[in-house]
Amino acid sequence: ANSSIEYMYGAGCLPHDANSTECSFPNIEECITNFPLPAGCDRSWCARPWCYVDPDNCALMNRPTGDKMQHGSKHHRHYYSYATCGYMDDFTYTERLLSLRGRTIKMALNSNTGGWKGAYHPDGNFAPDGSDDGTVEKWQGPVVNFIRKAAVEGNFTLEVTRPPEWLEAQSKRFFGPSSFDYCVYAAALGYVDLCVASYSVTAKRASVTPFFETAEDAIYLVVPSDASDEGLTPEAFLESFLTVFRPFTWQSWLMIFAFVLPVLGLLMFFHERGAPGSAYQLTHPVMVQRRSKYDEEPQTTFEVRAIPTWKHVVNSLYMGLAAFFQESYDQSVVTLGGKINLLAISAFVLLVLNVYTANLAAILTDDIASGSIDSVEAAIREGYTFCSERKVAETVMELHSVPPDSVLPDPVDLGGDGKPGFNCPNCAARTRVFEHMRKKGTHSDPTLYCDAAFASWEDLQVLHASGQHCDKVRVGEMLVKKNAGLPVFEGVSAELMALLYRVKNDGVMAREMRDAEPTSVCPADQGGGG
């Protein structure tokens with residue numbers, strides 16, 4: 001008889017657990033007074049039909065009886081399925097949440113180097129939580145606060161630890177030198193249950209361990225703005241002043257002022273020297289007063305004296321330069337050679353000033369146009385160069401057809417590999433993209449400075465909150481959306497992620513993000529965009 005009863009349990013779509021011990025009514029007081037409702041109060045699965053199935057012949061959702069809390073059954077290797085009977089498996093969800101109670105979850109923390117949505121500690125990666133006396137929690141950030149509240153909700157303990165140090169060498173061989181990859185590697189192997197920070201969910205990371213998604217990070221085109229929060233600074237004044245010299249190269253200016261104008265002035269002296277009525281006479285009368293010992297009043301006489309050649313040379317050089325700035329030669333010319341030279345001076349001044357005006361107009365127009373750049377495509381057409389982190393650069397280059405040679409290379413002198421995008425371990429790539437950005441046309445080294453950047457809006461928010469880089473603004477539409485999350489050991493991912501999503505859906509994550517979002521201190525006409 002007993003074997004017949006055991007055999008009937010799980011056969012056919014019936015609510016087999018309706019009369020089981022687990023389905024006795026839970027603590028009514030706890031279910032009435034607690035909010036949100038404790039997981040143990042949900043016994044809707046008790047009334048839902050299920051049956052045993054052959055997993056080799058059932059393509060629907062099914063689980064082994066080891067996951068099911070029906071300890072009275074001898075069919076421990078059987079597989080049960082609510083899906084076969086058309087019902088959702090609330091039993092597994094409820095028991096997963098309950099299984100976290102009283103457990104210890106090993107948590108390792110990385111300290112994010114940028115942004116505000118992650119985890120942060122003054123001592124960096126894998127630092128222990130709390131001060132020496134254990135009264136102050138030093139790990140801060142919205143994801144840290146979220147995990148702490150999830151632990152309270154799930155009634156489990158968080159043990160702050162770090163991956164084994166010997167494992168780091170293996171992680172470098174598999175992923176690379178990143179300490180964030182090191183924690184992901186440890187979670188994938190089960191040395192830690194959970195890594196906490198803002199981790200970019202890359203294809204390779206997601207292929208080795210599950211991720212609980214926490215936030216999104218938007219990548220925008222960031223350009224220098226024309227506004228300044230300090231009014232006319234010395235740097236701004238110098239930049240504006242130097243604009244008048246931009247129509248010609250320094251070599252051209254040197255040729256004009258050190259050769260052409262002096263030569264034309266000296267030629268005028270050569271042609272006009274000594275000619276009657278010219279400005280370059282050989283002699284001139286000089287009034288001289290002399291008094292002898294016999295004269296009561298001084299005697300005035302006129303003497304003809306030679307004019308020193310150097311005075312004529314200086315005068316000719318001055319008149320050549322004055323003709324350029326006055327756009328006319330303000331001196332009488334009497335000889336044929338002098339008149340021909342005057343035509344040459346006038347033609348040269350007219351030509352230079354016309355070219356100067358045209359070039360200056362083009363430069364100013366280009367500056368105005370560059371200030372209105374609103375897309376990557378427009379920036380590429382204007383010949384912009386870009387700063388970017390390596391991973392961001394690779395994605396944007398692929399999606400928007402950005403030429404690799406327009407992205408600043410990784411600095412070799414700081415340990416980089418010279419490829420497009422910053423990836424060097426000693427160059428603070430997330431802030432370097434802003435620090436090495438200059439307004440187009442104000443720099444001459446395209447390997448050191450860029451005209452714009454592909455950058456995280458999250459990073460720019462943090463800088464604006466401290467009053468830094470207020471002259472940098474985001475423009476246009478979002479270029480890339482990066483997902484961020486927490487790597488979870490697969491051995492605990494089912495129950496832990498079920499709880500984390502429940503807490504997230506209750507609005508806890510959104511509140512933590514809202515409370516942590518920085519406020520810009522930049523002037524109202526700066527630091528925004530988009």
Side-chain angles (χ1 to χ4, degrees), residues 110-116 118-127 165 168-169 171-185 197-200 202 204-205 217 219-224 235 376 379 383-398 402-440 442-464 466 468-472 479-480 482 484:
N110 280 110
S111 183
N112 290 103
T113 56
W116 54 270
Y120 307 92
H121 194 287
D123 296 331
N125 296 315
F126 310 124
E165 294 186 10
E168 187 171 7
S171 171
K172 288 181 179 179
R173 293 188 184 96
F174 185 82
F175 277 119
S178 168
S179 61
F180 283 71
D181 285 331
Y182 172 31
C183 199
V184 173
Y185 190 81
S198 182
Y199 296 83
S200 296
T202 65
K204 189 169 185 179
R205 288 175 176 178
D217 185 17
I219 303 299
Y220 282 88
L221 177 66
V222 177
V223 299
E235 293 79 8
V376 174
Y384 271 50
T385 55
F386 306 97
C387 294
S388 179
E389 285 186 275
R390 173 68 53 79
K391 291 179 180 179
V392 173
E394 291 173 346
T395 304
V396 175
M397 285 192 296
E398 181 178 356
V402 178
D405 59 358
S406 67
V407 179
L408 258 64
D410 199 22
V412 177
D413 56 331
L414 296 177
D417 55 15
K419 297 180 180 179
F422 304 145
N423 195 43
C424 47
N426 302 316
C427 65
R430 294 184 73 157
T431 54
R432 185 180 178 87
V433 298
F434 301 105
E435 293 171 350
H436 284 253
M437 195 191 316
R438 300 289 187 274
K439 190 175 179 180
K440 183 172 174 60
T442 62
H443 63 87
S444 58
D445 188 349
T447 64
L448 184 60
Y449 298 109
C450 59
D451 308 314
F454 310 135
S456 163
W457 172 233
E458 183 185 346
D459 288 345
L460 192 57
Q461 282 181 295
V462 173
L463 293 171
H464 286 173
S466 60
Q468 301 180 67
H469 296 284
C470 288
D471 60 335
K472 311 295 193 309
L479 302 179
V480 180
K482 295 194 306 177

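The structure presented is a predicted model; accordingly, all values stated were derived computationally and were not measured.
- Side-chain atoms of S456 and Y220, non-hydrogen and from C-beta on, never get closer than 4.5 Å to each other.
- A salt bridge between K419 and D410 is absent, with no side-chain N of the basic residue lying under 4.0 Å from a carboxylate O of the acidic one.
- Nearest approach of P224 to D451, heavy atoms of both residues: CD-O, 3.2 Å.
- Remark: S198 engages no residue in a side-chain hydrogen bond (donor to acceptor under 3.5 Å, both in side chains) (not counting sequence neighbours).
- Using modelled atom types, one side-chain atom of K204 and one backbone atom of F174 make a donor-acceptor pair closer than 3.5 Å.
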Inset, instruction - For M397 and T395, run side-chain contact (heavy atoms from CB on, under 4.5 Å): C-alpha distance rounded to whole Å, both residues' side-chain angles, the deciding distance at 0.1 Å, then the answer. - result: CA-CA 6 Å; M397 285 192 296; T395 304; over 6 Å; no
Inset, instruction - For the pair Y185 and F180, evaluate ring-ring contact (aromatic ring centres under 6.0 Å, His included) and give the outcome as yes or no after the intermediate values. - result: CA-CA 9 Å; Y185 190 81; F180 283 71; over 10 Å; no
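- Closest of all the heavy-atom pairs between V402 and V376 is CG2-CG1, 3.7 Å.
- Residue E168 holds its CD atom at 8.0 Å from OG of S179, rounded to the nearest 0.5 Å.
- No donor-acceptor distance shorter than 3.5 angstrom exists from the side chain of N112 to the backbone of Y120, with no hydrogens or angles considered.
- Between V407 and G421, the shortest heavy-atom contact is CG1-N, 3.6 Å.
- Annotation: side chain of K472 is not in contact with side chain of L463 (no heavy-atom distance under 4.5 Å).
- Within the 4.5 Å cutoff, no side-chain heavy atoms of R432 are placed close to those of C387.
- Checked for salt-bridge contact, R205 and D181 meet the test: a charged N lies under 4.0 Å from a carboxylate O.
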Legend entry - Verdict with reasoning, Y182 to N110, per side-chain hydrogen bond (donor to acceptor under 3.5 Å, both in side chains): CA-CA 10 Å; Y182 172 31; N110 280 110; over 6 Å; no
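- Atom NE2 of H436 sits about 8.5 Å away from atom OG1 of T431, to the nearest 0.5 Å.
- In summary, D417 and R390 engage in a salt bridge, as defined by a charged side-chain N under 4.0 Å from a carboxylate O.
- Scored by the ring pair (Phe, Tyr, Trp, His ring centres under 6.0 Å) test, F422 finds no partners at all (sequence neighbours excluded).
- Two residues are said to be in side-chain contact when any heavy atoms from C-beta on lie closer than 4.5 Å; L460 and F434 meet this criterion.
- Formation of a donor-acceptor pair under 3.5 Å by the D459 side chain with backbone atoms of G115 is found in this model.
- Contact between G118 and E458 at its shortest, heavy atoms only, is N-OE2, 4.5 Å.
- In terms of heavy atoms, T202 sits closest to K391 at CG2-NZ, 4.4 Å.
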Legend entry - From CA spacing to verdict: side-chain hydrogen bond (donor to acceptor under 3.5 Å, both in side chains), W116, Q461: CA-CA 8 Å; W116 54 270; Q461 282 181 295; 3.0 Å; yes
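- Shown here for L479 and L221, the closest heavy-atom pair between the two residues is CD1-N, 3.6 Å.
- Between E394 atom CD and S388 atom OG the span is 9.0 Å, to the nearest 0.5 Å.
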Inset, instruction - Applying side-chain contact (heavy atoms from CB on, under 4.5 Å), run through E435 and H469 and close with a yes or a no. - result: CA-CA 8 Å; E435 293 171 350; H469 296 284; 3.8 Å; yes
Inset, instruction - Show your reasoning for whether side-chain contact (heavy atoms from CB on, under 4.5 Å) applies to V222 and M437. - result: CA-CA 9 Å; V222 177; M437 195 191 316; 3.9 Å; yes
Legend entry - From CA spacing to verdict: side-chain hydrogen bond (donor to acceptor under 3.5 Å, both in side chains), N125, S111: CA-CA 5 Å; N125 296 315; S111 183; 5.3 Å; no
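- Here CZ of R438 is found 8.5 Å from SG of C450. Values are rounded to the nearest 0.5 Å.
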